[in-house]
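Keep in mind that what you see is a predicted model, and the values were worked out from it rather than measured. Below, read A as the first sequence line, B as the second, and so on, with proteins coming before strands; counting in each chain starts at 1.
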Amino acid sequence: MPFSYRPLESAAPGGPAVARRISRRWLLWGALVVLLLVAQGLLLWLTLNYESARAQDQTDSAAEAASTEMRRVVGRVQQSVQSLMWNDPSVAQWRADARDMLRQRRELIRLEWRDAAMRPLQVEDTPFGPPPFRQIPRDQLDTEAHVACATATRSGNPAYARSYFMPLAGGLGHEVMDLCVPLQHDGQPSGYLLASMSLGLLLEEAGRHGSTNQHELSLVEADGTRLARAGALHGAGVYQATRLVDLPGHSLQLRADAVRGRPGLIPNLAIALVLGLSLVLLGLVVLLARDMRRRSSAERALAESLALRRAMEDSLVTGLRARDADGRITYVNPAFCAMTGYAAHELVGQFPPPYWPRDRVEEYRARQISRLTLAQQGAMREGFETVFVRKNGEPFPVMIYEAPLLDREGGHAGWMSAVLDVSAERRMEELSRQQQERLQATARLATVGEMASLLSHELNQPLAAIASYATGSLNLMADPEPDTDTLGLLRQATERIAEQAERAGRIIKSVHGFVRRREQSREAMAADLLIDAVLPLIRLQARKSGARIEVDCPKPAPRVLADRTMVEQVLLNLARNGIQAMETATPLAQRVLTLRVRQHHPRWVEIAVIDAGPGIPPEVAKSVFTPFFTTREEGMGLGLSLCRTVIEQHGGALDFGPVATAGGSTGTATDSATDSGTEFRFTLPVPDSTRRHTPANAATPDTTP
Amino acid sequence: MSPVSPRFGLPMVYLVDDEDVVRDALAWLLRSRRLLSEGFASAEAFEVLLDERLPPGQHDWPTAPSCLLLDVRMPGMSGLGECAAEHSRRGLG
C-alpha cells in the first residue's frame, strides 16, 4: 500500500492476546457441547429408567392377574370334582358324570374313585389326547397322591399333591398335579376322589381369561425349574415377576415374563423428537456461529476498505461531491470543503448550494436541471467548466466531471462529481496570454516602428530636398530686382521640386503595392468558418471577465470572399474591444457578446460584433478610427484604424453604432448610446460564383458601400 | 581669429551627405544666400580633402570661418563619427 492508514484493531502486536481469546472461545464452545451432551444423556437415562419401571409394573400386574385367575380356575375345578359325589351317585351315574366332566374340562386328565385303602374303584380317562399313565403305571406315580390324601383325611378337606411329570408317548408329557377329595360316609372315611390335572392346561385356561398377551406365563419350582408354561409367546427374560399360588397342601409359583426386551436406546417418538430437535439446534448454533464469524470478518474487511477509501478521499486534491436525484448535496470530501471554504455540514443538504454565485442562482439552477436530464440520457463523460464562489466571496473557475450514481438495484440515485479548482491554471493561462499579447504588441510595434522609420527616412530625403529648393526659391524671390539668372535658378528649383515630389509619390506607391499583394490570398469560405476559427481565442478572453459568447449565424452560413488571416484579426480586435467595454460597468449576468452574421444584400454579407457595454461617448466616437488614438493605456491606437483599412481593402465597410439601431445599416459614428451597448459591423463581399448561381440577384444594381 | 583670411578668400560651407539630391538642394539653397559650398559624397571623401590641404602637424586650416554640415546616417563613416574625429584632430575633446 503506497500510504498507511489507521488499523482498526491492534492485529500485529496482540499475538498472545488473540491466542488467549481464541482458546477461550473454544473453551466456551466445548462447555456448551458438553452441557448439551450431558443433558441429552440424562434425558435418555431417565427415560430408559421410566420405561423399564413401567414395563416392570406391567409385568407385576400381569403376574398378579394371572395368579388370581389361576387360583380361580383351580377352585372351579375343585368344585366340579367335589360335585361328582353329591347325592351318593350310583356307579353308572358317576361314570357318566365323570365322562361328562372330563369332556367339559380339558385340564382334567383322569378321575379316580378309590376306596379308603386307596384302591381304585372306578377310573375315567380324558377323551382328549393319548390315554395317560401308559408309559409309567399309575401305582408308581401315586406317592404324592397318598401324601395328599393323608393330609386331606387329616383336615377333612380336599388337598393337593405335589406335582410330578407324567410322560406320554412320543417324548411329550404333562406336569400333573393330583387333587384328593376325601369321601365320608356316616362320618367315616369311605374313600377318595382323585383328580389328576395338567398344570400346563390349567395355566393355559388361566391365561386365556387374563389379558396378559404381552407376557409368557409359566409355573416354576422354588429352584427356578420350569414346570409348565402357557401361551405361544416367549419371554425376553428381562422383566419378570413371580407370584405364589397357595393351594391346600401345595403351593405353586407363577412367573410372568414380559415379551418386551430391554428398551431400545431411543425408547419412544417423543424422545426421538427431542433428541433430533436438539441435534438440529446444535447444528443451527454451529451454523450461526460460523455465519457470525464470517460476518465479523466481512465487517472487518469492510471497515478496512472504508478506512482505505476514506484515506484515499482525504488524500485527494480533487474535490468530490455527491448529489441526490434532486440535486441536493449528500456528501463532500475534505478537498471540496477546502476548495470552497465551507465546512461539510454547511454544504450537505443545502439547496441552492452556498458556493453558487448569488446573482446567478437561477441560471445555475436551470443549467443543473438541463444537465441532470441530459445525464440520464447518458454520455457526459467530458467535464464542463463553471464558476463557484468561495466562502470569502472570491469567485473561482472549476472543472467538473460528473457521473451518475447507481444504487444497488441499478436505479438512478444521484450524481457523483469530481471538481477541480482550475483558478491557478486559468491564472497561468491568463498570464501567458497577456504575455503573448504583449509580445505580439511589441512585435507589431517594432514592425510598425521599423516601417515608419524606413518610410520616414525614404520620404525625408525628397521632402528635405523639396524644402531646401522651396526655401531657396523664396530667398531668391525676396530679391527686389530679379535678373534672368535668378529666374533661371527659380525654374531649375521648381523642376527639381516636381522631380522630388514625384519620387516621394513613387515611394508611397511602392508601400501601397506591398499592401495590395495580400489581395491574392483571398479565398471563398463560409462565414461561420471565420467565426469558428477565432471563437476559442475570444472565449479565452471572455472567461477572464465572465462574459458569455453567443453566435447568431443562419444555417447554412453565407459564403464570403476574404483574406482569412486579416479578417480573423479584425474579428478578434472587435471582440476584444467589446469584451473590454463590458468589463467595468456591466453586471455579470448581462455580459453577453454576440457575433451575428446576416446577408441583407446579394453581394454583401454583414458580420456584427455586439456588446452590452455602456456605449461609446460622442467625443470618443469622433476619433475612433484615427490612427494612434486609444482610450487604453497599453493600446497602440492602431486597432480600429487598421481594421477599417483591412475591410476597405476587401471592398467592404466598417462602421459602428448603438445596439438600438441594429436594424439600420447606416448607423453613423456620431450616434452613440449611453447604456445599450455598441454594435460594430463590417461587410465582406460574396464570392462571384454565388452570384452566378443566383441570377435573380444579378439584376439588382451594384451599390458599392 | 580674423573673420576673413586673405589666403583662402571667402568663408566656405562643407556639405557631407551621401544623397546627391540633398547635397544639390542644400548647395542651391546656400547659393541663394550667396554662400559658397563644397559637397562630399561621404565622410571618407572629406577626409581625403583634409589630407590634401592640411600639412602634417598643423591645425590652422581652414583659416577662414567655415561650416561643416554632416548627414548622420551615411554608408561608411557616420556623421557623428566624423564629427568626433574632427574634434579630436583639433584638440577640442
Side-chain angles (χ1 to χ4, degrees), chain A residues 445-514, chain B residues 3-4 8-50 62 64-87:
Chain A
L445 190 63
T447 312
V448 170
E450 198 169 330
M451 194 142 154
S453 119
L454 199 74
L455 262 181
S456 68
H457 189 77
E458 285 294 317
L459 286 176
N460 209 28
Q461 284 163 9
L463 288 176
I466 287 170
S468 296
Y469 287 126
T471 313
S473 300
L474 284 173
N475 287 342
L476 288 180
M477 282 182 222
D479 195 348
E481 13 179 283
D483 49 14
T484 47
D485 204 21
T486 310
L487 279 175
L489 279 173
L490 276 175
R491 185 177 301 114
Q492 191 186 9
T494 312
E495 275 168 6
R496 285 182 185 168
I497 284 173
E499 216 170 83
Q500 291 310 310
E502 198 191 324
R503 182 185 161 201
R506 273 204 304 277
I507 292 169
I508 300 290
K509 265 208 184 76
S510 74
V511 173
H512 199 65
F514 166 76
Chain B
V4 176
F8 287 101
L10 295 169
M12 284 289 283
V13 175
Y14 300 98
L15 297 171
V16 182
D17 197 317
D18 59 322
E19 281 289 328
D20 298 341
V21 177
V22 175
R23 230 172 34 245
D24 181 69
L26 282 175
W28 199 87
L29 176 62
L30 292 171
R31 194 176 154 195
S32 72
R33 279 294 182 190
R34 301 182 196 289
L35 281 172
L36 289 177
S37 63
E38 194 173 354
F40 303 91
S42 68
E44 285 80 3
F46 181 61
E47 293 272 325
V48 169
L49 172 87
L50 283 180
S66 302
C67 177
L68 177 61
L69 198 60
L70 287 163
D71 185 14
V72 172
R73 194 188 286 184
M74 284 185 297
M77 189 184 265
S78 75
L80 289 173
E82 173 58 28
C83 185
E86 190 62 21
H87 273 214

- Query: When heavy-atom pairs shorter than 4.5 Å are enumerated against chain B, which of Ala478(A), Ala493(A), Ala464(A) gives the highest number?
  - Reply: Ala493(A)
- What part of Thr486(A) is in contact with chain B, defined as an atom under 4.5 angstrom from a non-hydrogen atom: side chain, backbone, both or neither? neither
- Message: Ignoring hydrogens, what is the shortest heavy-atom contact between Leu29(B) and Ser468(A)? Give both atom names and the distance.
- Response: CD1-O, 3.6 Å
- Message: Measuring from atom CG of Asp71(B) to atom CD of Gln461(A), what distance do you get when rounded to the nearest 0.5 angstrom?
- Response: 7.5 Å
- Proximal component of Asp17(B), with respect to chain A [non-hydrogen, under 4.5 Å]: neither
- First locate atom CG of Leu476(A), then atom CZ of Arg31(B), and finally report the distance between them rounded to the nearest 0.5 Å. 9.0 Å
- Look at Ile497(A), Leu489(A), Thr471(A) and state which one has the largest set of heavy-atom pairs under 4.5 Å with chain B. Leu489(A)
- Got a second to check how far Trp28(B)'s CH2 is from Gln492(A)'s CD, nearest 0.5 Å? 7.0 Å
- Could you tell me the separation between the CG atom of Asp24(B) and the OH atom of Tyr469(A), rounded to the nearest 0.5 Å? 3.5 Å
